[in-house]
Every structure is written in C-alpha cells, then in structure tokens.
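Numbers for residues simply follow the sequence, beginning at 1. Counting convention: from 1, in listed order, for ligands and their atoms alike.
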Amino acid sequence: MWAKPFGQFANTSILIDGKLLLDCGPHTLLQLRKQKQDLKEIELVFLSHFHGDHTLGLPALLLASREENRVEELKIFGPSGLREKIEDLLEISYRKSIEDLSFELDTFEVPDLKEGTTHKDYKLEFAQTTHSIECCSIAISKNGEKMTYTSDGAPTEDTVSIASDSDLLIAEAYGEGFSGHSSAVKAAELAFRSHSKSLALVHISRTKNGAEELEKAKRMFKNSFLPTDSLTVTI
Ligand SMILES: [Zn+2]
Ligand SMILES: [Zn+2]
C-alpha cells in the first residue's frame with residue numbers, strides 16, 4: 001500500500017494506491033494531473049467535512065471524469081447530507097447535477113457506518129473529530145498495512161482508537177491557539193498513544209514555521225516528518 005499526502009500546508013489531499021482519494025480541495029485535480037493519475041482508476045473518494053479546502057475540487061474532478069467518458073461507478077463517503085451537498089457543489093460550479101454525470105455516484109454517509117465498512121480488500125474505519133462542523137477521520141487497512149488520516153480538528157478518543165498501530169498517521173497540525181484544530185504536539189501525542197509507526201504533519205497554518213512545528217512533534221514522537229507535495233510514502 002502507498003499513500004501520497006499532497007500538501008504540507010492547507011489543501012490536504014491523499015491518494016492511496018492510485019485508487020482511494022481522501023479529500024478533494026481546489027488544488028487536488030491539478031496535483032492528480034501532475035502525477036499523471038488516470039481519473040478512471042479512482043474508485044472511492046472520502047470527504048472528511050464540508051470546508052472548501054477539502055471539497056471544492058470535487059466538482060472539477062467529477063466533470064473531468066465525465067469529459068474522459070468515465071463509466072465506472074464512483075463511491076463517495078462523507079458527512080451527513082452528502083448527496084445534497086454534492087448536488088449543491090455541481091449546481092454552483094457548473095449548473096449540473098449528479099444525473100448529468102456519465103457514471104453512477106454511490107454515496108455513503110459516514111455517521112451511518114459506526115462499525116466501519118469495506119471497499120474491496122480495504123477496511124475503512126471512521127471517527128468524529130472536534131472541529132467547527134461535523135468532521136471525520138478515516139483509517140484504512142489492507143493486508144496488515146494501515147494508514148490513518150485525521151483530517152481537521154482536535155483528535156478524540158475515537159480517533160486514538162481507529163488510529164491504533166497505524167504504519168502511517170497523517171495528522172492535521174494547524175497549530176496551538178486555534179479552537180477546533182489540532183497542533184504538532186497534539187498530533188505527536190496521538191501518534192504516541194495510538195502506537196503509530198510514523199507521523200506526517202499536514203495542514204500547518206501558514207502563520208507557523210513548519211520546521212519549528214516539526215521539532216515540537218519530534219520531541220514527543222521521533223518518527224515525525226513534513227511531507228512535500230510529490231512525496232509517496234510506501235507502507
Ligand atoms: Zn475544516
Ligand atoms: Zn481544512
């Protein structure tokens with residue numbers, strides 16, 4: 001399994017094995033193009049929450065897929081009211097609706113999946129974080145390999161639980177002093193408590209110094225790093 005965490009700062013998106021896309025901000029389609037990703041090969045999109053830096057790229061991804069004559073069904077997992085919000089995004093962006101796409105959108109609301117779910121060989125688990133709106137972390141495992149993406153917000157006990165024994169933990173580290181957000185120190189605590197093996201700090205506030213935030217995390221959790229935009233992490 002491999003993971004590509006795009007974006008050390010805001011606009012975090014993660015591509016797993018070229019098949020699973022976690023969050024889809026305004027820059028995501030551009031990054032996928034740079035990576036020469038075949039959009040048809042993306043089977044599943046997870047939207048952690050409806051803040052623009054995590055979702056505003058979705059209409060462009062859907063329309064680009066239509067342009068490329070995608071016929072393969074696409075699964076989308078996300079917060080309550082997911083299907084209506086996708087309709088709103090398509091309407092605002094292109095005056096289109098889900099019906100106009102050349103493929104089926106199969107939508108799943110994460111709060112309905114308290115026991116988690118599966119997609120092919122992947123096991124998916126979800127946990128609410130403490131953010132300004134409903135927001136979920138996701139843990140993905142396959143063949144004994146596991147990665148967890150916290151998305152936005154302060155981690156909860158449920159986040160610690162789903163992140164347990166992750167080979168890679170990708171954690172929001174916006175910074176101290178922002179309510180409804182995590183920080184490098186909280187991310188390191190989460191990595192330590194969940195017995196994760198490595199920690200990627202993402203979504204760091206532009207008002208913070210990335211290297212300094214990394215040092216704070218490393219004091220508690222040595223195997224912490226800042227992913228660059230084109231980095232692929234093999235688990
Ligand atoms: Zn947010
Ligand atoms: Zn965000």
Side-chain angles (χ1 to χ4, degrees), residues 3-16 20-32 44-61 76-82 84-86 88-89 92-93 107 109-111 126-140 147-156 158-160 162-163 168-191 199-210 213-214 216-217 224-229 231:
K4 229 178 219 312
F6 302 137
Q8 173 187 331
F9 296 97
N11 258 224
T12 311
S13 263
I14 298 140
L15 182 65
I16 312 281
L20 282 65
L21 181 67
L22 313 185
D23 278 338
C24 192
H27 302 159
T28 303
L29 182 60
L30 179 66
Q31 293 289 359
L32 292 169
L44 185 155
V45 176
F46 166 72
L47 301 177
S48 61
H49 65 302
F50 271 93
H51 276 160
D53 52 319
H54 299 258
T55 54
L56 283 182
L58 186 72
L61 178 74
I76 304 194
F77 289 75
S80 309
L82 175 64
E84 294 80 355
K85 289 191 173 79
I86 295 171
D88 289 348
L89 283 173
I92 291 166
S93 311
T107 49
E109 295 191 9
V110 168
F126 308 96
Q128 297 281 334
T129 65
T130 305
H131 196 40
S132 53
I133 58 170
E134 181 187 317
C135 181
C136 261
S137 302
I138 184 169
I140 300 172
M147 65 79 52
T148 299
Y149 165 52
T150 65
S151 182
D152 285 11
T156 58
D158 287 345
T159 325
V160 179
I162 65 159
L168 172 65
L169 172 64
I170 300 171
E172 189 244 280
Y174 198 67
E176 293 102 7
F178 300 101
S179 70
H181 276 290
S182 188
S183 65
V185 171
K186 281 185 190 158
E189 271 172 18
L190 175 63
L199 169 66
L201 299 175
V202 294
H203 207 308
I204 297 171
S205 166
R206 290 178 196 279
T207 63
K208 304 279 182 189
N209 176 312
E213 297 304 303
L214 177 62
K216 288 182 199 168
S224 305
F225 64 100
L226 298 177
T228 51
D229 270 353
L231 183 75

> Taking the Zn ion (ligand 1) as the center, what protein N, O or S atoms are found at less than 2.8 Å?
Replying inline: His49 NE2, His51 ND1, His131 NE2, Asp152 OD2
>> Main chain of Pro111, side chain of Glu109: is a donor-acceptor contact present, judged purely on distance under 3.5 Å?
In response: no
> Side-chain donor-acceptor pair under 3.5 Å between Ser13 and Gln31, yes or no?
Replying inline: no
>> Tell me whether Lys186 is salt-bridged to Glu189, with the criterion being a basic N under 4.0 Å from an acidic carboxylate O.
In response: no
> Quick one: which of Thr150, Asp23, Asp53 gives a side-chain hydrogen bond (donor to acceptor under 3.5 Å, both in side chains) with His203?
Replying inline: Asp53
>> Within the 3.5 Å criterion, strictly below it, is a donor on Asp152 or His49 matched to an acceptor on the partner's side chain?
In response: yes
> For Ser80, does its backbone N or O pair with a side-chain atom of Glu134 as donor and acceptor, under 3.5 Å?
Replying inline: yes
